[in-house]
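Below: one structure, written as C-alpha cells.
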Amino acid sequence: MKNTDIAYIAGIFDGEGSVLLGVNKAGKSNSYRIQVALANTNEWICQWLKLGFEGCVYCELKEGNRKPLWQWRTSGNKAVCFLEAILPYLHIKKA
C-alpha cells in the first residue's frame, strides 16, 4: 500500500476509528488483547481496509431511512501492524 493511502486511512481512523484493549484476568498474571475497529456508512472503505490489513467486515442494518453501518475490525498482531503503519500520520489518536 502506498504512503498516501496509509495517510488517507490514518485520517479516516482519526475520526471514525477506535482502539480497544481488553484484559483477561485468568490465573496469576493478566494478559491483554488489542483490537482496532473503524465504522463507516461506506462499505468500500471497510473492504479496502480488509484487503490491506486483513480482519473482518460486518454490516449493521439500521431501521427506517438510515444507511447500513459497515464496520472493519482486526485484533492481535494484525491490529498492532495496522497501528504501526498509520502512527506517523495520526493526529487526534496519536497519543
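In this text, all values refer to a predicted model and were calculated from it rather than measured experimentally. Numbers here are sequence positions counted from 1.
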### Pairwise side-chain contact, Val36 with Trp72, heavy-atom cut-off 4.5 Å (strictly under)
yes
### Task
Quick one: closest heavy-atom pair of Asn42 and Asn40, and the distance?
N-OD1, 2.8 Å
What pairs of donor and acceptor atoms, side-chain ones from residues 2-11 against any protein atom, are under 3.5 angstrom apart with sequence neighbours left out?
none

### Task
Could you check if a side-chain atom of Arg73 sits within less than 4.5 angstrom of a side-chain atom of Gln71, using non-hydrogen atoms only?
yes
Residues 81-95, side-chain donor-acceptor partners within the protein, below 3.5 Å, at least two apart:
residue	atom	partner	partner atom	Å
Lys93	NZ	Phe13	O	3.3
Lys93	NZ	Asp14	O	2.6
Lys93	NZ	Gly17	O	3.2

Tell me which donor-acceptor pairs under 3.5 Å the side chains of residues 45-61 have, and how far apart each pair is, sequence neighbours excluded?
residue	atom	partner	partner atom	Å
Gln47	NE2	Glu43	OE2	3.4
Glu54	OE1	Lys78	NZ	2.8
Glu60	OE2	Lys62	NZ	2.9

### Message
When you compare the side chain of Ile34 with that of Leu20, does any pair of heavy atoms fall below 4.5 Å?
### Response
no
### Message
Going by side chain to side chain donor-acceptor pair (under 3.5 Å), name the residues that satisfy it together with Thr74, two or more places apart in sequence or in a different chain.
### Response
none
